[in-house]
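Ligands are counted one by one from 1 in listed order, and the atoms in each one are counted from 1 as well.
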Amino acid sequence: MQAKDVQDDLKNVLFTKEEIQAKIDELAAQIDADYEGKDVLLVGVLKGAIMVVADLSRALKNHYTMDWMAVSSYGSGTKSSGVVRILKDLDTDLTGRDVLIVEDIIDSGLTLAWLKQNLASRGAASVEICALLRKPAVVKTDIDVKYIGWDIDPEFVVGYGLDFAEKYRNLDCIATLHPHVYS
Ligand code: IMP
Ligand code: MG
């Protein structure tokens with residue numbers, strides 16, 4: 001789905017498909033350089049991170065293995081509470097592994113802070129984070145994010161894996177929505 005297919009719903013396109021791909025390539029080059037010679041496990045956080053993992057993993061030039069987790073953070077509507085429940089766990093033993101968590105967006109950061117701690121407690125050699133987007137104005141933890149695509153204003157965004165009520169994940173760009181969509 002492209003912006004023109006849902007143009008009545010979108011307020012503003014923040015990042016086009018091309019801009020996203022360029023950013024993903026940039027992140028992949030940094031990751032390849034930093035983890036040269038290491039056996040890295042990419043952990044994608046379902047469902048939002050699917051597009052990031054799909055494109056990032058293909059932009060990487062070294063070998064990486066992949067696994068997935070689904071977590072749900074208790075909270076109302078669009079607000080996260082920091083209390084996290086695992087809906088789908090990893091199949092991989094993390095003992096001694098270098099783990100790179102791949103996320104779509106850091107809002108409060110509470111989900112990721114919990115996840116990073118949880119994976120570290122399983123004996124991983126290292127746990128780092130790569131997130132395509134971050135909203136610095138609303139981040140509530142001083143969580144260290146090694147790879148970040150863009151910092152954005154604290155507005156709700158959709159597309160490229162990010163949803164509103166499970167819709168717009170298949171939009172190829174990242175955009176804000178008109179208020180009429182929410183009501
Ligand atoms: P956090 O724990 O507040 O950082 O929430 C993180 C999760 O909430 C993200 O991984 C997204 O799945 C979701 N989320 C946060 N902000 C947005 C947004 O602007 N659009 C869509 N989903 C969002
Ligand atoms: Mg997410």
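Assignment of K135 to the shell around ligand 1 is supported, since a heavy atom sits closer than 4.0 Å. The closest approach between any non-hydrogen atom of V158 and ligand 1 is not below 4.0 Å. Using a 4.0 Å cutoff on heavy atoms, L110 counts as a contact of ligand 1. Residue S108 places a heavy atom under 4.0 Å from ligand 1.
Not a single N or O atom of D163, backbone or side chain, sits closer than 3.5 Å to an N or O atom of ligand 1. Considering both main-chain and side-chain atoms, G109 comes within under 3.5 Å of ligand 1 through a nitrogen or oxygen pair. Among the atoms of L162, none of the N or O lies under 3.5 angstrom from an N or O of ligand 1.
When all heavy atoms of V158 and D163 are compared, the pair lying nearest together is CG1-C, 3.9 Å. Here the shortest heavy-atom pairing between S72 and L87 reads CB-CD1, 3.6 Å.
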request  = Could you give me the CA-CA distance, side-chain angles and deciding distance for Y160 and L171, then say whether side chain to side chain contact (heavy atoms under 4.5 Å, CB included) is met?
outcome  = CA-CA 6 Å; Y160 198 67; L171 180 63; over 6 Å; no

Evaluation steps, salt bridge (Lys or Arg N to Asp or Glu O under 4.0 Å), between D89 and R122 = CA-CA 12 Å; D89 207 343; R122 304 184 194 189; 3.0 Å; yes

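Nearest to atom 23 (C) of ligand 1 by heavy-atom distance, out of I106, I105, V71, is I105. Counting only non-hydrogen atoms, the option in D107, L112, V157 that gets closest to atom 15 (C) of ligand 1 is D107.
Between the side chains of Y64 and D98, no donor-acceptor pair is found at a separation under 3.5 Å.
Proximity of T65 to R97: side-chain heavy atoms (C-beta onward) are separated by under 4.5 Å at one or more points.
Near T111, with a cut-off below 4.0 Å to any heavy atom, the atoms of ligand 1 are 1 (P), 2 (O), 5 (O). Listed by number with element, the atoms of ligand 1 under 4.0 Å from a non-hydrogen atom of E103 are 10 (O).
Checked against side-chain contact (heavy atoms from CB on, under 4.5 Å), D142 has no partners two or more places apart in sequence or in another chain. Among residues two or more places apart in sequence or in another chain, the salt bridge (Lys or Arg N to Asp or Glu O under 4.0 Å) test is passed with K11 by E155.
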